[in-house]
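Everything on this sheet refers to the single structure shown next.
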Number of protein chains: 4
Amino acid sequence: MSTSADTSENGDLRRRILDTARHLLVKKGYQNLSMRKIADAIGYSATSIYLYFDSKDALLHALIHEGMMQLQDGLSETAADRPDAPVERLQALCRTFIDFGLENPEYYEIMFQLRPERMERYPPEKYRQARNNLDVFSRALEEGEEQGVFEVDDPRVLTSTIWASLHGTVSLLLAGRVDARIDREAFIDVAIQRTLQGCQRTPSSA
Amino acid sequence: MSTSADTSENGDLRRRILDTARHLLVKKGYQNLSMRKIADAIGYSATSIYLYFDSKDALLHALIHEGMMQLQDGLSETAADRPDAPVERLQALCRTFIDFGLENPEYYEIMFQLRPERMERYPPEKYRQARNNLDVFSRALEEGEEQGVFEVDDPRVLTSTIWASLHGTVSLLLAGRVDARIDREAFIDVAIQRTLQGCQRTPSSA
Amino acid sequence: MSTSADTSENGDLRRRILDTARHLLVKKGYQNLSMRKIADAIGYSATSIYLYFDSKDALLHALIHEGMMQLQDGLSETAADRPDAPVERLQALCRTFIDFGLENPEYYEIMFQLRPERMERYPPEKYRQARNNLDVFSRALEEGEEQGVFEVDDPRVLTSTIWASLHGTVSLLLAGRVDARIDREAFIDVAIQRTLQGCQRTPSSA
Amino acid sequence: MSTSADTSENGDLRRRILDTARHLLVKKGYQNLSMRKIADAIGYSATSIYLYFDSKDALLHALIHEGMMQLQDGLSETAADRPDAPVERLQALCRTFIDFGLENPEYYEIMFQLRPERMERYPPEKYRQARNNLDVFSRALEEGEEQGVFEVDDPRVLTSTIWASLHGTVSLLLAGRVDARIDREAFIDVAIQRTLQGCQRTPSSA
DNA sequence: GATGAATGAGCGTTCATTCAT
DNA sequence: AATGAATGAACGCTCATTCAT
């Protein structure tokens, strides 16, 4: 009796839970994200969520995982499109990262803004995997150094400071803390430009 | 009945509430800051807090205000100590900002990491005042430009991107997201150095 | 404006909570004793209970303590009334113990029938105090031995077995497990008589 | 499709449910016995249990019944081994009863410690059957009386008081209420000895 | 014969807040 | 100026049970 349209209905609720959790998270904040509220929003009982997730933590972990995957996909694609131009590639990666944050504030918050004490025990192995998101930046830097355009002292440290700048940019924008008189695009452009500038081989070091 | 010793008693409890709230906030975290706990810690009833603050939100706003003031004091002092050296001053300001964040993590959170739509009604006028913290950075940049050491296109934008870098640095460190193998001090030093580097007049632009 | 009748109103609710908890406990059992049910029964909110007791455990502990005190009082009085007649005294103590159990099934259950795993952390010091209830039995036995009417090998063990018999008698009666055709009073009498018989100096040991 | 090996499959799952429930009961306690946990442990869905038992109560009743049978078997065997020695037999029966309780504590609880008004609807007919466990004690007493070693006034009452002593002994031990300084075995031995002593024909009554 | 999906009721507990005094 | 008493709402989570398939 079932039509082909029914096929995906099995995991459907799981999807809706994840999506709703994401939306509530960004709209109301971590503190106001409760199992009941998620359930109410999708018109199910709170109990039903436990059919798909062992606990609230497990649900959030799944959310983080999804976000990490999505970001990784975006960065990989960005990198793959510019195989031989590390500078351009690095710039594009910065843009992709910032865009991801601005377009997916829900994901961004649980991925990067929750303090570990708040949400416990996200498996360290997954955090490590998450950190792999940075590797694509590191590779661009190293290739750029080989080509003589970047000056990379300690790639790990440098990559992390780049990440910090991008993260700060996204965070301030998401928090609505940037002076309203500043043009958003200009702000992002300058931020990226300054980020790259900090990596480039300085004339004196040539 | 009141003697001169009583003079300060009027606002005394208010002071103690704020101090205790701050301590609890920093020591136990935002999640564990409750009216009851504050009251218990000072040996008053929870009800008493409402004599001095309309609500928990109001108390938090006062706390944010205090934090802003404290940060402003720190930054002002840092600036005052280096009246004629804008580069050195900017560097010191960055250091002061980062140190403030690292030493007052929960303070930092309510000041910079709470999203306005969640922490409602923090008076916009206070937000504006908060942004004044940035002015001291702007002044250093402008003086540096006058001295020919900085290249400042749009001071407002530039200041904001500096702030973004510092904020990203503090945030990642507080969130424990920086690779454990990276030396914390080295990370901060590189972050600051790169932040400054992005402001300096490049030879080509001379 | 308040009359003298109001004086005791302060601890009144606490009393009502304890009483209600006791009644619900015996009527519905430990598993069905919830803070909400207690609150509902007295027409207060569940939260109010926490004004008088730190936790469910604390409430139960208070109940146990009360029961222990009450039993101790009864036993002490029973003993004091028969200073020079250890046999008669022991018999009366048995009767008092059984009567206490039958008349206060609520107390009896939490005092003697809850397994420690179920209700955690009743302070060992209090359990020890509870065990003092047995001392009054031991003293009767020892005095009886001095008078040559009891034969007491190890007073501690003997006291405990007496206790076991009494406890078994009370438990079966409370659980309604004794054959309905058996006369309740006769049963108790035989139980006590047999309990005493087991302590008496046997002719062969004379 | 079914082979001869399938023959026992009909009641097979019912058996496994009962066995698993028993194991969980003994290992994890009555409080932790849930339909879900039983189902998980046997790898079936919780729903499946309802194919074999109307409710959790019904399952418990079946469990009680099994326990009764098991105890009855033990007692019968104990009795059968000592056909001509009522005293020794009675002693062995006491031992068997106590051992059963200590070795199957949670079994013991549902069999003897649940109050009927809480565990509703356990068929009275089964309770009666349960009481048959006592008959084997009664028979020993009666045979002992015929042989002149026991003095039995009312066998029903006497048997019940014996039972009370045994039940008290088991209950206190299971509840962990016996003074830790008392040797467990010694305690049991004395308890049994005193139990027997209360039945023996006293010289004065000869 | 067996299940997956779903739920309402309930648990102990914490919270910010109100109100009469 | 300060409090004790009280509460409704909410939290994450577990439970026995139902029902359509």
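Note on naming: letters A, B, ... go to the chains in the order of the sequence lines (proteins, then strands), and numbering restarts at 1 for each one.
- Between the side chain of S34(C) and the base of dG12(E), no donor-acceptor pair under 3.5 Å is found.
- In this structure, Q31(D) places its CD atom 13 Å from C1' of dC15(F), rounding to the nearest Å.
- For T47(A), whose side chain is taken as the heavy atoms from C-beta onward, the closest listed nucleotide among dT17(E), dC11(F), dG8(E) is dG8(E).
- In this structure the side chain of L13(C) reaches within 4.5 angstrom of the side chain of I42(C), judged on heavy atoms.
- Considering only side-chain N and O atoms, Y50(B) lies nowhere under 4.0 angstrom from the phosphate OP1 or OP2 of dC19(E).
- In the model, Y107(C) has a side-chain atom that pairs as donor or acceptor with a side-chain atom of E66(C) under 3.5 Å.
- Distance from the side chain of M35(B) is smallest to dA16(E) among dC13(F), dA16(E), dA16(F).
- Which of dC11(F), dA6(F), dT3(F) sits closest to the side chain of L51(B) comes down to dT3(F).
- Toward the 5′ end of DNA chain E lies the nearest nucleotide of L33(C), the other residue of the pair L33(C) and A46(B) mapping further downstream.
- Side-chain contact between I17(A) and Y44(A) is absent, with no heavy atoms from C-beta onward closer than 4.5 Å.
- Atom NZ in K56(A) sits roughly 14 Å away from atom P in dT14(F) (whole-Å rounding).
- Distance L60(A) CG to dG12(F) C1': 12 Å, rounded to the nearest Å.
- Between the CD1 atom in I64(C) and the NE2 atom in H61(C) there is a gap of 5.5 Å [rounded to 0.5 Å].
- Of the candidates dC15(E), dG4(E), dA6(F), dG4(E) carries the atom nearest the S45(D) side chain, counting heavy atoms from C-beta on.
- If you check every strand for non-hydrogen atoms under 4.0 Å, I38(C) touches nothing.
- Side-chain N/O atoms of S55(C) and base N/O atoms of dG12(E) include no donor-acceptor pair closer than 3.5 Å.
- Within 4.0 Å of L59(D), counting heavy atoms only, lies no atom of the nucleic acid at all.
- Remark: C1' of dG12(E) and CG of N32(C) are 15 Å apart, rounded to the nearest angstrom.
- Residues D54(A) and G43(B) each lie close to DNA chain F; by heavy-atom proximity, the contact nearer the 5' end of the strand is made by G43(B).
- Summarising the geometry, the separation between CZ on R36(B) and P on dT13(E) is reported as 15 Å, rounded to the nearest angstrom.
- Regarding contacts with the backbone of dG10(E), every side-chain N or O of K37(C) stays at 4.0 angstrom or more from both OP1 and OP2.
- Residue L33(A) forms a side chain to side chain contact (heavy atoms under 4.5 Å, CB included) with just one option from V26(A), I38(A), L59(A), T20(A), and that option is I38(A).
- Below the 3.5 angstrom threshold, one finds no donor paired with an acceptor across the side chain of S48(D) and the base of dG1(E).
- Side-chain atoms of E106(A) never come within 3.5 Å of backbone atoms of H23(A) as a donor-acceptor pair (strictly under, hydrogens ignored).
- Of all nucleotides listed (dT17(E), dT3(E), dA5(E)), dT3(E) comes nearest to the side chain of Y44(D).
- Going from atom OH of Y30(A) over to atom C1' of dG12(F) covers 11 Å, rounded to whole Å.
- Here dA20(F) sits opposite dT3(E) as a Watson-Crick or G-U wobble pair (both hydrogen-bonding atom distances under 3.5 Å).
- Rounded to a whole Å, the CD1 atom of I17(B) is 12 Å from the P atom of dA1(F).
- The distance between atom CD1 of I49(C) and atom P of dA6(F), rounded to the nearest whole Å, is 12 Å.
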